[in-house]
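Taking it in order: structure first as structure tokens, then the write-up.
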Amino acid sequence: MGNSVYENKPWLDKYADYMPKELPLPRKSMIDFFEESAERVPDVDAIRYFDQTVSYSQLNDLANRFATLLASRGVHKGDRVAVYTQNNPQFLIAQYGAWKRGAIMVPINPMLKQKELDYHLNDSGTKVLVCLESLYESVAREVLENTSVEQVFTTSELDFLEEGAEEDLSPLADSSRRQLSSSEGVEDLFEVLRQTEPDEGAREQVLPEDVAYLVYTSGTTGQPKGTMETHSNVAFNSEVYRTWMQIADEDSILGIAPLFHITGLIGHITLAGIAGVPLILFHRVDPGEVLRLIDKWRPAMTIGSITAFIALMNTEGSDEYDLSSLTKCYSGGAPVAPSVVDQFEEKFGVYIHIAYGLTESNSPTHFVPLGTRAPLDEESGALSVGVPVPNCEVKLVKEDDPSEEVSVGEAGEFAAKGPMIFKGYWNKPEETQEAFYEGYFLTGDVAVMDQEGWFYIVDRKKDMINVGGYKVWPREVEDVLYTHEQVMEAAAVGVPDEYRGETVRAFVALKEGGDVTEEELISYCKERMANYKYPRQIEFLDELPKTPTGKFLRRELREGAQAEA
């Protein structure tokens, strides 16, 4: 391919002085790195959950107990352990305990409903499920008998807190302890851990190339796919974060991203674990509570979706809080409007740097250098997502021909390779093969690189809808609409939305004699889908525009809807 502009890596000039152009590859697993931190800083807080703390030695002990428990229940290296909770300490206990046993962690979005949970558990072949009591009662209970799950450990978001603490903590306003009977075959996680004496024999040797996570992504077609993230992938990008952000011993991390999401896994949990610093958790994002905890714990670093920052900015009384500790503040996952960055900085004195990455790349492939301001692309008005991180080989290629690179300033599909790129899709060899070209992962995102090596994401491939960083496939929305007896045709598109970036609009043609209202259809979808997926707007048409072969002209619908917005 000769001397291409991408091979010259013009972006390296943008690196901070302390940032090496390349980082060494991990020679140990992520669980080894965590245990080294626990040995080095046993008394440092590993978790700050609201106002309570759990030290590294306590977390390591609980993880040892969980690993021992798994061993006693027949869990072996490579088995899958799924975690279906919010941002609770139990997530970390289960993760590190599963890893000590050599098991693969399957993080599950707590917003998923029965049909979706059923798919994830069955596709991954999960053997053990750790889940919140409330999610067991409302969702998991109905699904489990049709899965390979053998053990269920339930737990509560009130564990670790003092009696009655929930009365003062708004994210826990609806929380209460459930009395789940053991006749159901479920066990309380902490009761069992208390009775389990940690056994060193439960610890498996885990290699860098072993799979650490199966993280489900919307991929690029149809059903979600499990991305196999190795310990080496995870440890490498955790180290990228640590070095890039200069995480120091006195720093702590604000856990504002969902832990089940690649950003939360790498940019919160494993970054904290490799650096040996505290991670601040608060069940789920409640802006007032987040502001209080920033004020109390003074975190230095966070990374989250721009919607979380918008919520903090627009919360009543937010002027009274001091956010100045957040000197390492990043946002990724969805396009960020320049005006939002300016308003946030004006209000709190905190500059939001931008990051870009994917599930398949274990979080970042690009970061805006710390302390540097992202330039603006004149043409699209988009803020730069930054420059490629160390060891990341990047190029932009023609969308219909990945063998051909596009030149500077031209839009092309963004392709990447390097030690952060995943191993492949779980049990999907064909999809894995299609996702790569000559070792480069084809991201499906369209980007432009300028003369200096700054990258701008300008478009997203095909039809994916991006709601505040969560990916929604139109097909998922359409599939639910089609289950309604009066719906004849349905197509879903993303339309611009000030708060979420995009929101879902569905176009529906009803069967003859059908008379269902927009409100009724919306609430029908809401009952059947995760909260971020269901359509907020429905437009009725006599019939949907189609190609001669009968495919819906989704692009025509989308462009019409966007022009209108």
Side-chain angles (χ1 to χ4, degrees), residues 30 33-34 36-38 40-41 43-56 58-60 86-93 95-96 107 160 171 234-235 237-286 289-305 308-309 312 321-333 348 350-355 357 362-364 367-368 370-371 389 469:
M30 190 57 223
F33 286 114
F34 166 74
E36 282 173 15
S37 290
R40 183 174 65 83
V41 291
D43 303 329
V44 166
D45 299 339
I47 302 169
R48 292 172 173 164
Y49 185 54
F50 293 102
D51 302 279
Q52 302 299 315
T53 61
V54 180
S55 71
Y56 268 91
Q58 287 171 314
L59 177 56
N60 194 40
Q86 297 276 4
N87 284 22
N88 311 108
Q90 293 89 322
F91 195 107
L92 280 75
I93 294 166
Q95 171 179 299
Y96 287 129
F160 292 107
V234 170
N237 254 5
S238 304
E239 186 58 26
V240 167
Y241 265 110
R242 193 187 70 78
T243 318
W244 194 277
M245 308 219 176
Q246 293 290 283
I247 301 295
D249 286 349
E250 62 275 9
D251 289 345
S252 60
I253 297 166
L254 180 73
I256 206 166
L259 296 183
F260 71 83
H261 194 276
I262 200 73
T263 307
L265 295 171
I266 314 294
H268 291 344
I269 300 180
T270 60
L271 166 60
I274 216 164
V277 299
L279 173 61
I280 299 160
L281 297 177
F282 29 82
H283 185 53
R284 55 183 179 75
V285 172
D286 173 280
E289 187 59 23
V290 174
L291 289 165
R292 179 183 79 82
L293 291 168
I294 294 173
D295 220 29
K296 175 184 172 96
W297 293 118
R298 316 299 299 141
M301 184 266 173
T302 195
I303 180 164
S305 74
F309 294 113
L312 293 184
Y321 293 96
D322 176 8
L323 272 58
S324 62
S325 64
L326 284 174
T327 52
K328 305 164 185 189
C329 183
Y330 276 76
S331 180
F348 296 121
V350 172
Y351 179 69
I352 301 173
H353 302 74
I354 303 196
N362 287 274
S363 208
F367 273 144
V368 169
L370 190 62
V389 300

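Index from 1, following the sequence.
A side-chain donor from one of Asn88 and Tyr49 sits under 3.5 Å from a side-chain acceptor of the other.
Looking at Asp43, its side chain never comes within 3.5 Å of a backbone N or O of Ser55 through a donor-acceptor pair. Between the side chain of His283 and the main chain of Gln86, no donor-acceptor pair closer than 3.5 Å is present. Panel note: side chain His353, backbone Phe367; no donor-acceptor pair is recorded below 3.5 Å. No donor-acceptor pair closer than 3.5 Å links the side chain of Ser363 to the backbone N or O of Gly357. A donor-acceptor pair is defined here as one N or O able to donate and one able to accept, closer than 3.5 Å; no such pair exists between the side chain of Asn60 and the backbone of Ala38. The backbone N or O of Cys329 sits nowhere less than 3.5 Å from a side-chain atom of Thr302 that would complete a donor-acceptor pair. Ser331 places no side-chain N or O within 3.5 Å of a backbone atom of Ile354 that could act as its donor or acceptor partner. A donor-acceptor contact shorter than 3.5 Å is absent between the side chain of Lys328 and the backbone of Leu370.
Results of the side chain to side chain contact (heavy atoms under 4.5 Å, CB included) test with Ile256 over Val290, Asn87, Ile303, Ile294 single out Val290 as the only residue that passes.
Within the 4.5 Å cutoff, the side chain of Phe33 has no heavy atoms near those of the Thr270 side chain. Residues Leu279 and Leu92 form a side-chain contact, since some pair of their non-hydrogen atoms from C-beta on lies under 4.5 Å apart. With a 4.5 Å cut-off on side-chain heavy atoms, Met245 and Leu271 do not count as touching. Put simply, the side chain of Ile266 reaches to within 4.5 Å of the side chain of Tyr241, judged on heavy atoms. Leu59 has its side chain within reach of Ile93: a pair of non-hydrogen atoms, C-beta onward, lies under 4.5 Å apart. Two residues are said to be in side-chain contact when any heavy atoms from C-beta on lie closer than 4.5 Å; Arg298 and Asp322 meet this criterion. Side-chain contact between Ile352 and Phe309 is present, with at least one heavy-atom pair separated by less than 4.5 Å. Contact of the Tyr330 side chain with the Thr263 side chain is not registered, since no non-hydrogen atoms from C-beta on lie closer than 4.5 Å.
We find the CG-OG distance between Leu293 and Ser252 to be 10.5 Å, quoted to the nearest 0.5 Å. Interatomic distance, Phe91 CZ to Ile47 CD1, rounded to the nearest 0.5 Å: 11.5 Å. We find the CG-CZ distance between Leu265 and Phe260 to be 9.0 Å, quoted to the nearest 0.5 Å. Rounded to the nearest 0.5 Å, atoms OH (Tyr321) and CG (Leu312) are 11.0 Å apart. In this structure, CD in Glu289 is found 10.5 Å from CZ in Arg284, a value given to the nearest 0.5 Å. Taking CG of Asp51 as the reference point, atom CH2 of Trp297 lies at 6.5 Å (rounded to 0.5 Å).
Contact record, Ser324 with Thr327: O-CG2, 3.8 Å, taken as the closest heavy-atom pair. Closest of all the heavy-atom pairs between Gly304 and Ala257 is CA-CB, 4.4 Å. Smallest separation of non-hydrogen atoms from Tyr56 and Asp45: CE1-O, 3.6 Å. Summarising the geometry of Ser37 relative to Ile274, their closest heavy-atom pair is OG-O, 3.5 Å, with the distance given to 0.1 Å. Listed here is the closest heavy atom pair of Ala235 and Met30: CA-SD, 3.9 Å. Taking all atoms of both residues into account, the shortest heavy-atom contact from Leu254 to His268 is O-CE1, 3.2 Å.
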- List the steps and the verdict of side-chain contact (heavy atoms from CB on, under 4.5 Å) for Val41 and Asp249. CA-CA 9 Å; Val41 291; Asp249 286 349; 5.7 Å; no
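In this structure, Arg292 does not pair ionically with Asp286, as no charged nitrogen and carboxylate oxygen lie closer than 4.0 Å. The pair Arg242-Asp251 fails the salt-bridge criterion, with no side-chain N (NZ, NE, NH1 or NH2) lying under 4.0 Å from an Asp/Glu carboxylate O.
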